[in-house]
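Data first, discussion second: the structure below is written as structure tokens.
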Amino acid sequence: MKLTGRLQILSWACASALLWGLAGCGSDSGSGSSEPEYSSAAEASSGSTAGSSGSTAGSSGSTGGSSASNANSSSSVTSETQSSDEKLNTANKVVNGSCGPEASSINKGELATWKFYRESGDVYTQILAPFIWAFEGASNSTVQGNGLQTVNVRYEEAGSYATYLNVDGNEIACDSIQVQGIPITVNSCVPNTSTAKAGETITWTVDATSESNITTYSWTSAYGDMTGSGASGSMLANSSMHKQNVTAVVAITNADKSVVKYNCESVAVVDPESVDLVLQLGSINDADHYGETVLPTLPDSLFIPAQTATTVQIPAGAPANCTVGCKPRVSSDYMNLQVYWDSDDALSGFAYFSPSGCAAGKKYTVTTSVTAICVVNAQ
């Protein structure tokens, strides 16, 4: 049947549906729209409910969009999509877009639902367009049909697999899918320090277990290059990371080809040469300047922000072997204040202490558990 005739029949069917109070046959919108998905004869033969749009991956628990006649149905398709017996229509290279799995990861033996997301061409042209799906690692290597925008295929072996789609004569490489085998459990991934200075090396160590032998660890970070191929990965902190919480990601693979990616704990990085705050010179016990009622009125620029690694500098005029005192901004936080002064260990006393090498111009990395002010004693 010619395209014009088929579209006229479709338009007549939509009009009839509207007369009987049913939902419309779909709007011409792009990818991500709520328009119903049109199934081919191949999907109907695979166990889909009549009138249902697209298939559902029973293993993933997510359902494809459905038409108004099946809007409240929660039934899932548990069989694979088979190729249609109908002859493929002529490819016109009008319909194009992207494709990917409904779930990026499934367990071996489960069904995966693959979908096409239209970016060019209208919905009616898409219904008539020829679809040819090609799968790596699936039990069905090829599935084809006209308008076949959603398909279900099963994977019996673990691994990472690619999928390709030829839609209306346009070749598309879909997003890949990870099929998991014997599981991997990650217990932790911790750094060797909570705070690092530019020029220091940060090392993360992951603790992971699996009944299948772990074969590889792959380390990456959005903050820079990493080294290490075992259970530990390292990165050199630099000045561009100043006042950032630097993280790493480890991908763990076992002999059964399962892959797990894990986000490690972050590390606060500071550049000792990038001064954030020059401390005040005076006395923390001066009630007129730093009393409990005065502190909340002082500008934010005088305080060390809570839980933020900060580079502070001893001011000009400070005596050699100077001492420092700190207070929380709010008096009620006094018992919660902890001061980490160039160390991962909190000071035993923060009201009056002598930092190592304290003198005018000296820089330190300081972190406080609550917002606090530190003052260098003038005497």
Would you mind reporting whether [Y] and [X] have side-chain heavy atoms less than 4.5 Å apart?
{"X": "C174", "Y": "F135", "result": "no"}
{"X": "T310", "Y": "P305", "result": "yes"}
{"X": "Y290", "Y": "L298", "result": "yes"}
{"X": "Q178", "Y": "Y161", "result": "no"}
{"X": "I132", "Y": "L165", "result": "no"}
{"X": "V186", "Y": "V260", "result": "yes"}
{"X": "K363", "Y": "V312", "result": "no"}
{"X": "Q313", "Y": "L279", "result": "no"}

Charged tip of K362 within 45° of Y364 ring normal and under 6.0 Å: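 Yes, cation above the ring, under 6.0 Å and within 45°.
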
Can a donor-acceptor pair be found, under 3.5 Å and without considering hydrogens, that links the side chain of [X] to the backbone of [Y]?
{"X": "S83", "Y": "Q144", "result": "yes"}
{"X": "N89", "Y": "L128", "result": "yes"}
{"X": "D276", "Y": "T311", "result": "yes"}

Can you see which heavy atom on [X] is nearest to which on [Y], and at what distance?
{"X": "C264", "Y": "W219", "answer": "SG-CZ3, 3.7 Å"}
{"X": "V95", "Y": "N170", "answer": "O-ND2, 2.8 Å"}
{"X": "S343", "Y": "D345", "answer": "OG-N, 2.9 Å"}
{"X": "I214", "Y": "A208", "answer": "CD1-O, 3.7 Å"}
{"X": "S234", "Y": "T201", "answer": "CB-CG2, 3.9 Å"}
{"X": "V179", "Y": "N107", "answer": "CG1-C, 4.0 Å"}

Take atom [atom1] of [X] as the centre, draw a 6.0 Å sphere, and report whether it contains more than 12 heavy atoms from other residues, nucleotides or ligands.
{"X": "E211", "atom1": "CD", "answer": "no"}
{"X": "K197", "atom1": "NZ", "answer": "yes"}
{"X": "N321", "atom1": "CG", "answer": "no"}

Step-by-step salt bridge (Lys or Arg N to Asp or Glu O under 4.0 Å) determination, K115 to E102: CA-CA 7 Å; K115 291 187 175 184; E102 197 168 58; 3.1 Å; yes

Joint cluster assignment, I182 & I252, ILVMFWY side-chain distance < 4.5 Å: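 Each belongs to a different hydrophobic cluster.
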
Connected via hydrophobic side-chain network under 4.5 Å: V278 and V375: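 No.
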
Ring centres under 6.0 angstrom apart (W341, F353): yes

Ring centres under 6.0 angstrom apart (Y217, Y262): no

[X] side chain to [Y] side chain, donor-acceptor N/O pair below 3.5 angstrom:
{"X": "S194", "Y": "D344", "answer": "yes"}
{"X": "T205", "Y": "S232", "answer": "yes"}
{"X": "S258", "Y": "D256", "answer": "no"}
{"X": "S79", "Y": "N152", "answer": "no"}
{"X": "S210", "Y": "N254", "answer": "yes"}
{"X": "E157", "Y": "Y155", "answer": "no"}

Nearest-0.5 Å distance that lies between atom [atom1] in [X] and atom [atom2] in [Y]:
{"X": "D286", "Y": "Q280", "atom1": "CG", "atom2": "CD", "answer": "11.5 Å"}
{"X": "D300", "Y": "I373", "atom1": "CG", "atom2": "CD1", "answer": "11.0 Å"}
{"X": "Q126", "Y": "N96", "atom1": "CD", "atom2": "CG", "answer": "11.0 Å"}
{"X": "F350", "Y": "I284", "atom1": "CZ", "atom2": "CD1", "answer": "10.0 Å"}
{"X": "T81", "Y": "W114", "atom1": "OG1", "atom2": "CH2", "answer": "13.0 Å"}
{"X": "S139", "Y": "E80", "atom1": "OG", "atom2": "CD", "answer": "3.0 Å"}

Worked check of side chain to side chain contact (heavy atoms under 4.5 Å, CB included) between F116 and I172: CA-CA 10 Å; F116 167 72; I172 304 172; 3.9 Å; yes

